[in-house]
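Have a look at this one.
Labels below follow one simple rule: chain letters A, B, ... track the order of the sequence lines, proteins then strands, and each chain is numbered from 1.
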Amino acid sequence: NAGVTQTPKFQVLKTGQSMTLQCAQDMNHNSMYWYRQDPGMGLRLIYYSASEGTTDKGEVPNGYNVSRLNKREFSLRLESAAPSQTSVYFCATEGAGAPRGDTQYFGPGTRLTVL
Amino acid sequence: AQSVTQLDSQVPVFEEAPVELRCNYSSSVSVYLFWYVQYPNQGLQLLLKYLSGSTLVKGINGFEAEFNKSQTSFHLRKPSVHISDTAEYFCAVRETSGSRLTFGEGTQLTVNP
């Protein structure tokens, strides 16, 4: 039972390159999230998917796209990387249902540097 | 819109001393409140959460937090810290009808011997 896995763990890109961050979960959760973590700014929501087939923008979606491939997988794509996207990216999952006091479970993160 | 402010970015303490990490939130509606911990080079994990009922919530590793609605606060406390408590701590809020979790900026707790 791996929980939430993310690949890759580390990545260095040049400005303008593209890449996809992968997230997979085996917790049978409906909701999945992508956050970025920057020093002194906490975690900020990029995109989320409340259920398979749906995605919504979060607080900082510009420069990113997402795909909810199936219930298990939620990918984050940077089409043309910029130095401002240097960050640590976390995927999280959450069981659906009300009330929305469910715990979010986080992956180990991807450290991305854009030169 | 909801927001969270963690009043201290860094808190250094000595081992076995008590500690309080402060969190204030802002929302016009009812909220759920959370504290998450992040150990170095790891993802976040839940320490405790307040959904309803008793305002004093106990979590893992001896931590507890008290929900104060009048002061819109949710401070985290531990009576005696260990070296292993060194980590970054995040307060988070979600409106009871909302789908998004909003995190504070984080507080780095460093426990010194």
Please tell me whether B:Val11 and B:Val111 are part of a single hydrophobic cluster in this structure, the criterion being side-chain heavy atoms less than 4.5 Å apart.
yes
Are B:Arg94 and A:Glu94 ion-paired here, with the side-chain N under 4.0 Å from a carboxylate O?
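Salt bridge present between B:Arg94 and A:Glu94.
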What part of B:Leu101 lies closer than 4.5 angstrom to a heavy atom of chain A: side chain, backbone, both or neither?
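When you check distances to chain A, atoms from both the backbone and side chain of B:Leu101 fall under 4.5 Å.
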Please classify the contact between B:Gln108 and chain A as side chain, backbone, both or neither, with a heavy-atom cut-off of under 4.5 Å.
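The answer is neither part of B:Gln108.
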Should B:Ile83 and B:Val19 be counted in the same cluster of Ile, Leu, Val, Met, Phe, Trp and Tyr side chains packed under 4.5 Å apart?
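Shared cluster, yes.
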Starting at CD of A:Gln37, measure out to CD of B:Glu88 and round the result to the nearest 0.5 Å.
6.0 Å
Are B:Leu76 and B:Val37 linked, directly or through intermediate hydrophobic residues, by side-chain heavy-atom contacts shorter than 4.5 Å (ILVMFWY only)?
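In one cluster with B:Val37: B:Leu76, yes.
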Please determine which of A:Phe106, A:Phe90, A:Tyr105 meets the ring-ring contact (aromatic ring centres under 6.0 Å, His included) test together with B:Tyr36.
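So the option named by the test is A:Phe106.
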Over 12 foreign heavy atoms within 6.0 Å of CD, B:Glu16:
no
Distance check, rounded to the nearest 0.5 Å: A:Leu43 atom CG versus B:Thr102 atom OG1?
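The OG1 atom of B:Thr102 is 11.0 Å from CG of A:Leu43, to the nearest 0.5 Å.
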Hydrophobic clusters here meaning ILVMFWY residues chained together by side-chain heavy-atom distances under 4.5 Å, can you tell me if B:Trp35 and B:Tyr50 are in one?
yes
CZ/B:Phe34 to CD/A:Gln104 distance, rounded to the nearest 0.5 angstrom?
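Answer rounded to 0.5 Å: 7.5 Å.
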Check whether A:Met19 and A:Tyr64 end up in the same hydrophobic cluster, where Ile, Leu, Val, Met, Phe, Trp and Tyr are linked by side-chain heavy atoms less than 4.5 Å apart.
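Yes, one cluster joins them.
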Under a 4.5 Å heavy-atom cut-off, does chain A meet the side chain of B:Gln38, its backbone, both or neither?
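When you check distances to chain A, only side chain atoms of B:Gln38 fall under 4.5 Å.
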State, with a plain yes or no, whether a side-chain heavy atom of A:Arg111 is found less than 4.5 Å away from one of B:Asn41.
yes
B:Arg100 to A:Glu59 - nearest heavy-atom pair and separation
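Closest approach of B:Arg100 to A:Glu59: NH1-N, 4.2 Å.
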What part of A:Leu45 gets closer than 4.5 Å to chain B, counting heavy atoms only: side chain, backbone, both or neither?
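It is the side chain, since no backbone atom gets that close.
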